[in-house]
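In this text, all values refer to a predicted model and were calculated from it rather than measured experimentally.
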Amino acid sequence: MINAEAGMGKTHYMCATAQRLSQRMNVYLLFGSRFNTIEDFDLQLVRMSGMKNKSLEDLDDAMEEQHSNALIIIDAINEGATNVFWNTALRSLESKINELRNLRVIVTYRKGDFESLDFLSNWEQTSMTGYGPRVHEAIEKYFAYYKIKDEDSSISNRFLREFTNPLFLNIFCQVVSQDFSFMKHDFSYIELYRKYIGYRNIIVSNGVDEDTHRNVTGKLLDKLAMYSLFYNSCQDVPREKARHYADQICRNRTWRSSLLYWAIKENLLLETGKNGDRLMFGFQKIGDFLMADAFRNSKMTNDAKVDFVIEKSECQQKFLYRRFLVALLSEWSLMPELLDRNLFVHQNLLNILFDSLYYRTSNNDLIFNWMIAQQVFSLGILRNLLNILPEEVFLMAHNRLMNESLANRDKKWTTSVNGIYDSFSSSNVDDFLSIEITKNDYLKYLILLGWMCTSTYPFIRGRLLRYLVSLLEKSPNLSQKALELFASCNDMYVVEMIVCSIYGYLLRNRDKNECTKIASLILNNFYVDGKAPYDILVRQWTMLILQYADYLNGDQAFWRKINIPFKTEDPYSLISSRLDGDKGYFGSSDGSKRLYYTLCDFSDFNRYILGANLDSDSQIFYKKDGKVYQRIPLQDIRDIMANIIMNEYCWNDELGELDKGIYSTSRYDNKIERFGKKYLWMALYKTDALLCDHCAVSKGKYYGFGLPKQKDMAVIPYPWLTSEHSTIDPSLLVEKEDDLISFNANLLEDVDGIDNEQWMNEGYQLPAPRLLLKDNEGNDWLLLTSYDGHTTEATDGTIKDLFLYTNAGFIKKDEVDAYKEWAKEQNFHGRWMPECRNGSTDYLWNEYPWAETYIRQQKEWDMEHSYNGPGFRLKLSYEAQLQENWFGLDDSNVDFHYVGMPNHHIMNFLKLYTAERGVVREISTNEIVSINIQIGSLRGLAMRKEYLLKYLTNYGYVLVYYSLGEKLVRMKNSYQNLGKNYDLSGSFYLKMDILKKSNLCTFPRHSPQEHKNNW
């Protein structure tokens, strides 16, 4: 089902589609205007398709025999029979098509003129948007062709939405190019359309042999508009009535010289209905404004006109009057009188009123002022009219939402936000959020996105986070405005997303001055007088922003200004009543009972988030009793949370009723969640924050016997020491990064044409490891870690399978001989040498190596990623980060979940930083020094040779490689080798001579086993 406004080119597109597809399949192009409500739909369909006595089933059988398909297109169903007829007909057609294999159907209709019922939801819906995102290109070409000047873009901006309509843009340019006075003053739509009718009147008058000054075309169209409005409910005009009016205006003409004939010939009128027995306006908007003009000029009193508008907007046939009313209200002089009425009891009229704003006429200011005075807004209004409404309306909406209680706002507002998500079509969220905006819209868009973060659905909030980061990048000062607007919001879901998006923006842009400004605002908004955010995630993101500002400035100026422990209320003081097993504690509704179950019973939240599956006490928070640290009971944490939910958040059964039918599918990565779950998460985040301020926090979950000691406790209770710290990376956006560097890499080995026996012969040349690369600019690179190999199909369903996994480490120059002797005796196949197997999830890519999230594990990393051998010590050359949380992103298109980077010693010595994901740059020059690569089967971490040599030379290191791998032949669907299985483990080092040449040298093993190959 394709819908579009009048003038978008539906019929033109369907005709072109039919012509194109008819070259390779049977296409039946039918017109909805030819169908009537008297005859059976199936009979009409068969007759119009020329199938004679055949049925759709017969057509399907014929297509089956021909190994082909048939397509039935019914264009403009709104121009023929009634809504009831088409809903019934399409439901019947759907059931038949679902049973047939070779038939497909496309129907089109004018937006607003056909209402599909719920049972047609299986039809795929799409819209034609005219020029859509290419509207500026279309305007530029049309204006150039018609020689229209619009240097300040005032015309383009006013009519931007209308210019997406190809027919309107065409009409506009024809008029303005003939009468440049339209460029010099504001004009109404009716003026524009009447001028256009006047130009078309020249051709029509010539055809009917009439004086152009009589304006016979305008007179006919006015007559038809008046008849349609007052006598036919804005519907198409009967042909005989149109002929009667035409012949009254231009008498005594034969048909081909008649006024009606020429009006149809010039497409000012179109034939509809069975055999063309009705007529509609060629461009329906012209008809709408002519009807509006007829109504304005009628002899009704002003009060009667206002009553008429209200009545027709709410009557049973209201959808027939809708277009006329929108056109009327856009330029109606009686708008003040209408706004004086109580419009809140007329919801459909309100929607029509808001639709009239798209025309951007003088009435808009009246409506804007009325909206602000009456505090009128909704999610749909703010989104759909974002480009039109002034900032004052959005600021009014913001203030109204800020003053609402959490529970009331969730009932009135958040339900609407949740409503945009359809689990069967998640693209609905992106469709809703994707709005073409200009600089003038940035603040409005920020307010809209910010308040949508109240959603209980993680999928929606995740997408909002990415849109917020993108928006902040467009206007740096917007970050400061976001803090000003939302820092004091009582919904922590909103504050979390705001500060998280600001952190993502700062990480992406690495602007020291901007970061300093934001850090100052963070201090002033969240850390005044020894206080801190009452939310562990807000605390996490804001603390990291302060640390990031200090890192960029090379000092600790901001960190020294916060006073830990913070001055917050004792969490135990919040307990006014205990849960005590009362399953009705939160209320009697289903949602309230499920809230209790999730917090206290056999739920994933209680067992795995709170930790009840392992213990009845917390493994993070402790109370010091003398010299002993006692664990905080989980029941105390539940009681604190329950009191926050009831006393602060004001949970009630009305919210519980909203949770009917809402279920999370797992403990992680849910796309939707209940209101009860939102209140649980917020209460847990607050409880964590308060416990950090009033309890001891362990450095990590304590699983030892007995009670922990002072050494097990963190000196500073960082938010990331709690189980709830966030692993979202807000710096990642939807757009996929282009390849920044192109490498020249040969195949590992070409074994096409080599039989299995020859390939597996012990004397067959082994491929040299691909550890030295050259980019397209001639720069040399060394791999610090890599996976390489190939799986090549061979004869008889077999596969040649070879893989190599190589890691690099550093040893001192004077330790090389000791390493050589040791390495000759080793089998590296067991993966027992230092490597980064999975990557760390404790910190984000851009937090390496400066953030406390990383620094706290640095010593542990040094110990775990080195090897002490006889006469040498080897240090791993790289580290790795793993991004598992892809909140708000589709990670199926992400290349690098796991990314490597030079170890922190290299990073600090060479003054490097983590930039785009997988890319490491030099701070002063911004030059790429290291990058994660994937070239065919070769994946790994490459580093510029010249930078690596600086580090090796300064510390007297030698680069050592150690590899493991296998070479075998197997069946295609099995990993069991056929015959021999070669172990390709070995070690080599980078040897430098005075000319700085490098080559790989191997250390062959002594006494090799028969089934192994030596390098």
Side-chain angles (χ1 to χ4, degrees), residues 437-443 445-447 449-450 465-488 495-528 532-533 538-562 728-733 735 737 740 843-855 907-908 910-917 919-929:
I437 58 173
T438 64
K439 289 182 180 179
N440 294 330
D441 300 322
Y442 288 166
L443 177 61
Y445 195 39
L446 170 66
I447 292 172
L449 295 181
L465 172 63
R466 311 302 167 176
Y467 278 87
L468 277 166
V469 176
S470 295
L471 176 62
L472 297 180
E473 288 198 319
K474 291 183 173 71
S475 177
N477 293 333
L478 216 53
S479 296
Q480 300 171 51
K481 193 66 179 178
L483 282 174
E484 176 188 322
L485 288 169
F486 292 105
S488 60
V495 186
E496 287 165 16
M497 289 297 96
I498 291 296
V499 294
C500 183
S501 63
I502 292 173
Y503 183 50
Y505 155 68
L506 294 174
L507 289 178
R508 286 175 61 84
N509 290 274
R510 201 178 169 83
D511 186 320
K512 181 172 69 175
N513 293 331
E514 181 66 16
C515 193
T516 301
K517 292 177 185 176
I518 294 298
S520 297
L521 286 173
I522 292 289
L523 282 178
N524 294 333
N525 279 286
F526 296 107
Y527 294 95
V528 177
V538 175
R539 195 174 288 190
Q540 172 185 336
W541 300 123
T542 52
M543 279 185 167
L544 285 168
I545 290 172
L546 296 178
Q547 286 192 2
Y548 190 49
D550 284 344
Y551 160 68
L552 293 179
N553 285 290
D555 56 31
Q556 289 190 322
F558 287 108
W559 192 253
R560 283 197 294 264
K561 291 180 181 178
I562 63 174
I728 295 169
D729 188 342
S731 70
L732 300 174
L733 296 184
E735 300 86 3
E737 303 284 355
L740 298 175
Y843 57 91
L844 304 182
W845 166 254
N846 292 116
E847 290 174 359
Y848 175 83
W850 58 268
E852 187 62 35
T853 50
Y854 167 77
I855 293 172
M907 296 285 291
N908 291 330
L910 294 176
K911 293 182 172 51
L912 309 179
Y913 75 94
T914 46
E916 305 93 318
R917 183 161 184 79
V919 177
V920 173
R921 296 178 182 269
E922 204 269 338
I923 290 176
S924 61
T925 65
N926 215 35
E927 189 171 40
I928 295 177
V929 174

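The two residues Pro730 and Ile728 come nearest to each other via the heavy atoms CD-O, 3.3 Å. Considering every non-hydrogen atom in both Ile855 and Pro849, the closest pair reads CG1-O, 3.8 Å. Of all heavy-atom pairs between Tyr551 and Arg510, the closest is OH-NH2, 3.1 Å. For Ser470 against Leu733, the heavy-atom pair with the smallest separation is OG-CD1, 3.5 Å. Contact between Gly504 and Val469 at its shortest, heavy atoms only, is C-CG1, 4.3 Å. In this structure, Asn553 and Ala549 approach most closely via the heavy-atom pair ND2-O, 2.7 Å.
Counting only distance, with no hydrogens or angles, the side chain of Glu922 and the backbone of Thr925 share a donor-acceptor pair below 3.5 Å. A distance-only check finds no donor-acceptor pair linking the side chain of Asn509 to the backbone of Asp511 [under 3.5 Å]. Using modelled atom types, one side-chain atom of Thr914 and one backbone atom of Tyr848 make a donor-acceptor pair closer than 3.5 Å.
Here Ala487 pairs with Asn525, Phe526 under the side chain to side chain contact (heavy atoms under 4.5 Å, CB included) rule; sequence neighbours left out. Every side chain to side chain donor-acceptor pair (under 3.5 Å) that Asp441 has, sequence neighbours left out, goes to Asn387, Thr438, Lys444.
Here CG of Leu521 is found 6.0 Å from CG of Leu483. Values are rounded to the nearest 0.5 Å. Between the CH2 atom in Trp845 and the OG atom in Ser731 there is a gap of 10.5 Å [rounded to 0.5 Å]. With values rounded to the nearest 0.5 angstrom, Ile437 atom CD1 is found 6.0 Å from Tyr445 atom OH. Between Tyr913 atom OH and Asn846 atom CG the span is 9.0 Å, to the nearest 0.5 Å. Here the CG-OG1 distance, from Leu506 to Thr516, works out to 9.5 Å after rounding to the nearest 0.5 Å. For the atom pair CG of Asp550 and CD1 of Ile545, the computed distance is 12.5 Å after rounding to the nearest 0.5 Å.
Residues Asn477 and Ser475 have side chains that never bring a donor and an acceptor to within less than 3.5 angstrom of each other.
No side-chain heavy atom of Met497 sits less than 4.5 Å from a side-chain heavy atom of Trp541. Thr853 has its side chain out of reach of Leu844: every pair of non-hydrogen atoms, C-beta onward, lies at least 4.5 Å apart. Looking at Glu847 and Tyr854, their side chains never come closer than 4.5 Å, going by heavy atoms from C-beta outward. At a threshold of 4.5 Å between non-hydrogen side-chain atoms, the residues Gln480 and Ile518 count as touching. At least one side-chain heavy atom of Tyr503 sits under 4.5 Å from a side-chain heavy atom of Leu507. A 4.5 Å side-chain heavy-atom check between Leu478 and Tyr505 finds every atom pair outside the cut-off.
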Working for side-chain contact (heavy atoms from CB on, under 4.5 Å), residues Met543 and Ile522: CA-CA 9 Å; Met543 279 185 167; Ile522 292 289; over 6 Å; no
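Residue pairs meeting the salt bridge (Lys or Arg N to Asp or Glu O under 4.0 Å) criterion with at least one partner in residues 468-482, sequence neighbours excluded, are Glu473-Arg508, Lys481-Glu484.
Judged by a 6.0 Å distance limit and a 45° cone about the ring axis, Lys561 is positioned over the six-membered ring of Phe558.
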